[in-house]
Amino acid sequence: MRPHMTDYSKLLNVEQCEAATAGDGPLLVLAAAGTGKTRTLVYRVAYLVEKGVVPDSLLLLTFTNRAAREMLERARQVAGEAVGNLWSGTFHHVCNRFLRRFGDRLGYPNDFTILDRDDSRTLIDLCIKDAVINKKEFPKKDVIGSLISSAANRACDIEDALEEVLDELKVDPLEIVKVANLYAERKLTMGAMDFDDLLVNGLRLLTEHEPVRDFYQNKFRHVLVDEYQDTNLLQAKMVDILAGVNRNVMAVGDDFQCIYSWRGADFRNIMEFPKRWEGCRIVKLEQNYRSVPEVLELANACIKGNPEQFQKTLRPTRTARNKPRVFYVRDGDEQATALLGLVRRYQEDGYKLSDMAVLYRAHYHSIELQMMLGRARLPYVITSGISVFEQAHVKDVVAFLRVCENRLDRMAFGRLLGMLAGVGEKTIDALWVKLGGSFDTRDPEQRERLCAALKPAARGQWQEIDRLFGEYHRENLAAAGGEVVQRFCDVFFHTYLARAYENGDKREEDIRELALQITKSGSMTAFLQEVALLTNVDHEYDKMSREHADMLHLSTVHQAKGLEWPVVFVIWASEGMFPSSRSVGESENDAEERRLFYVAVTRAKDELVLCAPEMRRTRDGGVFFCKPSRFIKELPRGLTRESYGFRNA
DNA sequence: GTTGGGAGAATTTTT
DNA sequence: TTCTCCCAAC
């Protein structure tokens with residue numbers, strides 16, 4: 001008996017309510033941009049919990065940490081603390097959880113390490129050095145890395161992934177296969193997985209091990225997937241299996257917003273979802289609450305260029321206002337000037353800086369703007385390409401912690417020893433072999449041996465670190481949060497930072513942040529097990545600064561997905577920039593760029609400004625001319641207000 | 001074997 | 001402008 005059931009029909013519109021309160025069975029929610037997708041999902045969770053579904057038997061899959069966190073926070077507000085137990089996170093996170101528990105079935109230790117992009121690149125480089133004879137002619141580690149990755153995400157062999165690019169590369173495919181195999185082998189002996197392995201092995205666990213599959217299939221009464229259009233083959237399969245018994249699967253997405261196909265995402269997954277799930281209900285959310293009609297008209301028009309997608313039309317709920325603006329400007333500098341002028345004007349209209357965002361295709365498109373904003377002393381935040389945890393100095397400290405905890409972690413071992421004077425690749429290799437392929441900081445004998453094997457110059461520094469290993473285990477510093485990080489700085493890292501980097505003290509501040517994060521994680525193992533997956537923790541800082549300070553937001557379109565601002569500027573809407581020149585030519589890519597543009601424009605609530613510079617300078621003083629973006633040219637006349645040069649504005 | 005200098009190249013998107 | 005790679009000197 002429940003005293004008051006929430007009246008969802010008062011909180012949601014008809015379609016949203018239908019989705020949120022649907023009965024059991026497969027359900028596909030096609031939610032166009034700004035139609036309250038998150039809201040619907042959150043209330044779906046609340047509804048299920050209210051109906052008595054145990055939160056622990058709910059699985060909510062997302063693509064970014066930010067989405068997972070936001071969803072959980074909002075669900076908590078609506079349905080109370082009880083939802084805290086619900087399984088929510090990115091596919092990678094959830095696989096991580098599966099594998100921590102059952103990874104031994106696949107021959108992995110439960111404390112396997114996760115290699116982030118940088119780790120895996122380094123390891124691939126080592127493999128190339130060891131397996132390839134003429135390295136000069138061989139593709140670079142990044143190329144090999146993305147080849148291996150795309151094979152994994154498309155669930156095919158390296159050979160198949162190779163076929164498309166082989167004539168360009170002009171290498172013996174067997175050589176590449178050799179490197180790939182060596183890479184896989186090394187990872188296994190190290191007990192390590194890269195990002196793709198998390199997905200691949202997570203899925204293997206479910207397909208190859210019946211008891212594990214049964215366990216999770218029965219555990220999860222409901223599986224909910226956000227941004228379903230961005231699933232790749234592995235992820236779609238995983239969802240199919242996990243929901244295979246209870247058949248309570250809810251996929252929410254918008255094929256117009258599939259922007260990760262370079263990572264293996266295939267919007268056909270969402271198109272074919274109803275075919276794969278017999279009796280699937282489909283709910284379309286088309287009422288847009290975010291944007292003014294003029295923006296929606298532009299959005300609807302621009303996506304028309306893409307065939308073979310679900311037909312959806314954004315229907316406005318807001319009243320008419322201003323048409324989006326297009327500025328044709330000379331170059332990046334004039335664009336920056338124009339933008340600054342417009343920002344000031346919008347401020348006079350009553351918008352705060354934090355109400356505005358500048359979006360662009362690629363990070364480097366924002367350089368001129370950043371310089372200009374700096375000169376004008378206009379405060380801005382930028383969601384940068386690399387996260388706190390990917391920065392070299394942070395990885396250095398984490399390497400120390402990883403060595404403390406995991407005797408098999410060869411990558412961390414190498415990184416830590418590499419900080420010592422006079423120790424490089426070969427020395428590290430030799431030491432690792434000498435130690436027998438593992439280094440246990442609990443073992444005094446092994447520690448002694450390592451000390452003795454070091455050159456005198458390095459030994460002095462190492463002894464300080466070595467002493468800390470002793471303290472670490474004796475005083476159980478693993479349970480003391482960030483304390484050990486502080487000590488590491490004191491005895492070694494402070495000096496190292498000053499020597500190795502120009503801005504040592506700034507970096508040391510980051511380290512203090514890191515210490516806080518460890519404390520917050522609860523335990524050292526918990527922290528280390530997910531550190532590679534923690535990417536958007538700057539989000540917290542981000543949120544804080546957005547609430548307390550008034551700053552203009554700069555972001556790539558990809559990172560802006562799911563967000564909204566009253567005023568949005570899209571810069572470099574010129575051919576070769578947006579769409580990116582790298583993707584011009586193939587229609588698949590063209591379609592993806594168009595979807596990306598659609599995502600960009602649908603972030604705007606009130607005002608949308610598109611900027612198209614007509615020339616681009618290269619560093620060496622050269623000039624490229626570029627036409628306005630096809631995405632602007634394709635628009636029917638009359639949807640925008642056009643200005644040539646900023647002065648005419 | 002390591003390190004640092006210098007030349008050269010090259011610039012997407014992310015878990 | 002910055003990162004990366006190669007080579008020559010310690």
Among [options], the nucleotide that comes nearest once only the side chain of [X] is considered:
X: A:K426; options: C:dC5, B:dG1, B:dT15; answer: B:dG1
X: A:K140; options: C:dC5, B:dT15, B:dT12; answer: C:dC5
X: A:R361; options: B:dT13, B:dT2, B:dT15; answer: B:dT13
X: A:T427; options: B:dT2, B:dT15, B:dT12; answer: B:dT2
X: A:K141; options: C:dC5, B:dG1, B:dT13; answer: C:dC5

Legend entry - Option among A:L242, A:L60, A:D240 that satisfies the side-chain contact (heavy atoms from CB on, under 4.5 Å) test with A:V223: A:L242
Legend entry - Position toward the 5' end of DNA chain B (nearest nucleotide), A:L420 or A:H558: A:L420
Inset, instruction - Ignoring backbone atoms, test whether A:Q559 places a side-chain nitrogen or oxygen under 4.0 Å from the OP1 or OP2 oxygen of B:dT14. - result: yes
Inset, instruction - Report yes if at least one side-chain N or O of A:S146 is closer than 4.0 Å to OP1 or OP2 of B:dT14; otherwise report no. - result: no
Between [N] atom [atom2] and [X] atom [atom1], what is the distance in whole Å?
X: A:D142; N: B:dT14; atom1: CG; atom2: P; result: 15 Å
X: A:L417; N: B:dT3; atom1: CG; atom2: P; result: 12 Å
X: A:Y364; N: B:dA10; atom1: OH; atom2: C1'; result: 10 Å
X: A:L454; N: B:dT2; atom1: CG; atom2: P; result: 12 Å
X: A:N589; N: B:dT13; atom1: CG; atom2: C1'; result: 12 Å
X: A:L533; N: B:dT15; atom1: CG; atom2: C1'; result: 7 Å
X: A:R121; N: B:dT14; atom1: CZ; atom2: C1'; result: 13 Å
X: A:I367; N: C:dT1; atom1: CD1; atom2: P; result: 11 Å

Legend entry - Distance-only donor-acceptor test (3.5 Å): side chain A:R117, base B:dT14: no
Inset, instruction - For B:dT13 versus C:dT4, give the span between their P atoms, rounded off to a whole number of Å. - result: 14 Å
Inset, instruction - Please say whether the positively charged group of A:R97, taken as NZ for Lys or CZ for Arg, lies over the ring of A:W87, i.e. under 6.0 angstrom from the six-membered ring centre and within 45 degrees of the axis. - result: yes
Legend entry - NZ or CZ of A:R263 within 45° of A:Y260 ring axis and under 6.0 Å: yes
Inset, instruction - Consider only side-chain N and O atoms of A:D254 and A:Y228, and report whether a donor and an acceptor are under 3.5 Å apart. - result: no
Legend entry - Sugar-phosphate, base or nothing in reach of A:V557, heavy atoms under 4.0 Å: nothing
Inset, instruction - Could you check whether the rings of A:Y216 and A:F102 sit parallel, tilted or perpendicular, using 30° and 60° as the cut-offs? - result: perpendicular
Inset, instruction - Kindly state whether the pair A:F63 / B:dT15 counts as stacked, where counting means centroids closer than 5.5 Å and planes tilted less than 30° apart. - result: no
